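Taking it in order: structure first as structure tokens, then the write-up.
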Amino acid sequence: MEESQDSLSNCSAKEPFALQVLGDSMEPEFPDGCIIILEPSEQCVHGMYIMALVEGVRWFRQYLQDEQGERLVALNDLYPEIPLQDLDWKPEAIAIQRNIKREVKHYNY
């Protein structure tokens with residue numbers, strides 16, 4: 001039985017993948033140049049570090065949901081929050097690991 005190209009791409013779309021953090025918006029937890037491992041997910045909960053697609057732009061931020069509403073927050077206070085109310089957005093992946101110069105930290109939510 002042959003698998004179609006679509007089923008192969010669907011399978012690989014569910015595998016964890018690595019990205020390099022560029023910039024200082026998520027410092028000090030995720031400094032510029034560190035490697036993060038992301039696991040595809042269409043769901044997130046308060047406090048998770050996520051990659052989200054917001055109005056066609058991808059962001060790596062901490063997802064917060066509380067009395068102030070849903071928002072994406074940079075850990076570096078120099079960057080503004082992204083309030084998600086009335087925006088077209090969706091979570092795409094959650095951070096499960098960080099690697100800084102071979103020092104690995106795992107995130108268990």
Side-chain angles (χ1 to χ4, degrees):
M1 176 178 173
E2 277 187 49
E3 289 192 55
S4 70
Q5 191 65 21
D6 287 338
S7 65
L8 289 176
S9 60
N10 287 341
C11 180
S12 65
K14 296 177 183 171
E15 295 295 321
F17 58 97
L19 291 178
Q20 183 175 29
V21 173
L22 301 177
D24 64 354
S25 65
M26 291 299 284
E27 289 184 352
E29 185 71 18
F30 300 95
D32 182 47
C34 81
I35 303 298
I36 56 174
I37 306 298
L38 296 159
E39 183 174 71
S41 177
E42 295 178 355
Q43 298 183 26
C44 60
V45 297
H46 177 80
M48 286 183 160
Y49 300 110
I50 70 168
M51 183 173 68
L53 185 63
V54 181
E55 299 288 332
V57 178
R58 282 190 174 82
W59 297 92
F60 177 60
R61 295 286 191 264
Q62 186 174 33
Y63 172 77
L64 299 179
Q65 181 181 18
D66 54 23
E67 63 279 348
Q68 297 176 38
E70 288 183 294
R71 62 199 187 283
L72 298 177
V73 177
L75 300 181
N76 183 334
D77 291 338
L78 297 175
Y79 296 85
E81 293 183 355
I82 303 169
L84 297 171
Q85 182 177 350
D86 299 325
L87 295 181
D88 179 26
W89 80 279
K90 67 176 182 174
E92 293 188 320
I94 59 173
I96 58 172
Q97 183 177 309
R98 172 196 76 187
N99 184 332
I100 303 172
K101 297 180 182 174
R102 298 187 186 186
E103 182 182 320
V104 175
K105 179 177 180 179
H106 295 273
Y107 297 92
N108 298 311
Y109 305 106

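Quick note: residue numbers are just sequence positions, from 1. Everything numeric in this text was worked out from a predicted model, so none of it was measured.
The structure places OG of Ser41 at 10.5 Å from CD of Glu92, a figure rounded to the nearest 0.5 Å. Leu53 contributes atom CG, which lies 7.5 Å from atom CG of Asp88 (distance to the nearest 0.5 angstrom). Once rounded to the nearest 0.5 Å, the distance linking CD of Gln85 with CZ of Arg71 reads 12.0 Å. For the atom pair Leu72 CG and Trp89 CH2, the distance stands at 6.5 Å (nearest 0.5 Å). Between atom CG of residue Asn99 and atom CD of residue Gln20 there is a gap of 10.5 Å, rounded to the nearest 0.5 Å.
Of the residues listed (Ile36, Asp24, Asn76, Ile35), the one engaging Phe30 in a side chain to side chain contact (heavy atoms under 4.5 Å, CB included) is Ile36, and it is the only one.
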task: May I have the step-by-step check of side-chain contact (heavy atoms from CB on, under 4.5 Å) for Ser25 and Arg61, ending in yes or no?
output: CA-CA 8 Å; Ser25 65; Arg61 295 286 191 264; 3.0 Å; yes

- request: Kindly determine whether Tyr79 and Trp59 satisfy ring pair (Phe, Tyr, Trp, His ring centres under 6.0 Å), including the steps that lead there.
  value: CA-CA 12 Å; Tyr79 296 85; Trp59 297 92; 9.0 Å; no

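Using the six-membered ring where Trp is involved, Phe60 and Tyr49 have ring planes that are tilted, between 30° and 60° apart.
In this structure, Val54 is not a member of the same hydrophobic cluster as Leu22, with clusters built from ILVMFWY side-chain heavy atoms closer than 4.5 Å. A single hydrophobic cluster is not seen to contain both Val73 and Ile94; linkage of ILVMFWY side chains at heavy-atom distances under 4.5 Å, directly or through other members, places them apart.
Crowding of Glu103 atom CD: a count of heavy atoms from other residues, nucleotides or ligands under 6.0 Å not exceeding 12.
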